[in-house]
2 protein chains.
Amino acid sequence: MLIFIEPESEKPIYQQIRDQIVEGIARGELPPGTGLPSIRQLAADFGINLHTVNKAYELLEREGFLQVRRKTGAVVQPRGRLAEDWEARLRTLLAEALAQGLPAEEILVRCQRVLATLTDHEQPDR
Amino acid sequence: MLIFIEPESEKPIYQQIRDQIVEGIARGELPPGTGLPSIRQLAADFGINLHTVNKAYELLEREGFLQVRRKTGAVVQPRGRLAEDWEARLRTLLAEALAQGLPAEEILVRCQRVLATLTDHEQPDR
DNA sequence: CTATTTGTTATATAATAGATATAACAAAAA
DNA sequence: TTTTTGTTATATCTATTATATAACAAATAG
């Protein structure tokens, strides 16, 4: 699984790493039990600081996606709980599309399309 | 239409204002042509600084939701273009739910539910 | 057991973002 | 003409983001 970093993006680097790992888990490319590179390894690969990667891993651990251990490295966790504010964030995002005039049906189709591309090449669930 | 500010939220105040106005437009509570309070008025109402409200209005104007005029105040615009990165943001959000184990069908139902609450009390389009 | 890798913690620094506080200017409406 | 309003300009403060080192302690590999 490849991760791309855009240093000039307005989105923080640690957030870019977090988002792409979450998407990797969603796509099934990183099933539970998968080991991730050490923070020093990732930092060296990207040419960024160790603490930036650490921040991404910490966030992923707080969200329940990862468990970070001493020498084994980070391991993808089986299942977590959806963040409490997830639906509020969904609401804000969908409202933006509605406010720009997209019909609800069109928005739903886009959600379906995005979900399809995410679940495309993988077994959906256990 | 009421706006609530949480000063202690991790979400920036100007973003809170922006999000709630966008939701107001989506719900049809702020149809095109609606005038919004002046930035000084809003700032006074919330007990916050003028520039914080100004930042929210500037953002809404860049996004095509508002047109800010000299003395008339801000006016809700008819229709804009959906932000280019909207679908990428949707993708990130849906991936998070998938990665936490929510089945795609369940996610779609939630999207439908949220859209329903947003289009509930209003005429959908035009 | 020993050496080494790793996550963790601790400082320090710099740049940017978020928010506030004033002040002044110019346009536009009353 | 007066007043309100958006705009612009500084200045200050805090928090966030990112980097740079350094050191420590746990855990694995040899």
Side-chain angles (χ1 to χ4, degrees), chain A residues 3-22 30 33-77 83 85 89 92, chain B residues 3-22 30 33-77 83 85 89 92:
Chain A
I3 295 182
F4 293 96
I5 300 298
E6 297 182 54
E8 301 304 314
S9 169
E10 63 181 38
K11 182 192 286 189
I13 297 177
Y14 80 93
Q15 190 77 43
Q16 296 181 39
I17 298 174
R18 178 269 181 196
D19 288 349
Q20 294 184 49
I21 289 181
V22 168
L30 301 174
T34 305
L36 296 186
S38 72
I39 62 177
R40 282 180 174 86
Q41 185 63 54
L42 261 196
D45 291 350
F46 296 149
I48 62 178
N49 192 272
L50 161 162
H51 293 103
T52 307
V53 180
N54 190 46
K55 196 168 181 178
Y57 275 24
E58 269 183 344
L59 177 54
L60 286 164
E61 193 171 28
R62 273 201 308 272
E63 293 182 301
F65 291 114
L66 250 54
Q67 184 177 350
V68 183
R69 270 197 293 264
R70 195 49 80 157
K71 185 92 176 217
T72 323
V75 179
V76 176
Q77 290 301 105
D85 64 337
R89 282 182 279 139
T92 298
Chain B
I3 294 183
F4 294 96
I5 299 298
E6 298 182 54
E8 301 305 314
S9 169
E10 62 181 38
K11 183 191 285 190
I13 298 177
Y14 79 93
Q15 190 77 46
Q16 296 182 39
I17 298 174
R18 178 269 183 196
D19 288 350
Q20 293 184 50
I21 290 181
V22 168
L30 301 174
T34 306
L36 295 187
S38 73
I39 61 176
R40 282 180 174 85
Q41 186 62 53
L42 262 195
D45 291 349
F46 297 148
I48 62 179
N49 193 272
L50 160 161
H51 293 103
T52 305
V53 180
N54 190 45
K55 195 167 183 179
Y57 275 24
E58 269 183 344
L59 177 55
L60 287 163
E61 193 171 30
R62 273 201 309 272
E63 294 182 302
F65 292 113
L66 249 56
Q67 184 175 349
V68 183
R69 270 197 295 262
R70 194 51 80 155
K71 185 93 175 212
T72 324
V75 180
V76 177
Q77 290 301 105
D85 65 336
R89 281 181 278 138
T92 298

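Sequence lines set the chain letters: A, B, ... in the order given, protein chains first and strands last, and positions in each chain run from 1.
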Quiz item: Does the Gln67(B) side chain pair with the main chain of Gln77(B), one donor and one acceptor, at a distance under 3.5 Å?
Solution: no
Exercise. Could you tell me whether a side-chain N or O of Gln16(A) sits under 3.5 Å from a main-chain N or O of Lys11(A), the two making a donor and an acceptor?
Key: yes
Quiz item: NA contact type, Ile39(A), heavy-atom cut-off 4.0 Å: base, sugar-phosphate, or nothing?
Solution: base
Practice problem: Please work out if Tyr14(A) contacts a base, only the sugar-phosphate, or nothing of the nucleic acid, heavy-atom cut-off 4.0 Å. | Solution: sugar-phosphate
Are the side chains of [Y] and [X] in contact, using a 4.5 Å heavy-atom criterion?
| X | Y | value |
| --- | --- | --- |
| Phe65(B) | Ile21(B) | no |
| Leu60(B) | Val22(B) | yes |
| Leu36(B) | Leu30(B) | yes |
| Leu42(A) | Tyr57(A) | yes |

Let me know the distance between [atom1] of [X] and [atom2] of [N], rounded to the nearest Å.
| X | N | atom1 | atom2 | result |
| --- | --- | --- | --- | --- |
| Gln15(A) | dA17(C) | CD | P | 16 Å |
| Leu36(B) | dG6(D) | CG | P | 10 Å |
| Leu42(A) | dG7(C) | CG | P | 10 Å |
| Ile17(A) | dT17(D) | CD1 | P | 13 Å |
| Glu10(A) | dG18(C) | CD | C1' | 15 Å |
| Leu59(B) | dT7(D) | CG | P | 14 Å |
| Glu8(B) | dA19(C) | CD | C1' | 13 Å |
| Glu61(A) | dT6(C) | CD | C1' | 14 Å |

Self-check item: Per-nucleotide protein contact string for nucleotides 21-30 of chain C (B base, S sugar-phosphate only, - none; heavy atom under 4.0 Å)
Solution: BB-B-BBBS-
Quiz item: Closer than 4.0 Å, any side-chain N/O of Lys55(A) to the OP1 or OP2 of dT17(D)?
Solution: yes
Quiz item: Quick one: is dG6(D) close enough that its OP1 or OP2 comes under 4.0 Å of any side-chain N or O from Asn54(B)?
Solution: no
Quiz item: Of all heavy-atom pairs between Gln20(B) and Ile3(B), which one has the smallest distance, and what is that distance?
Solution: OE1-CA, 3.3 Å
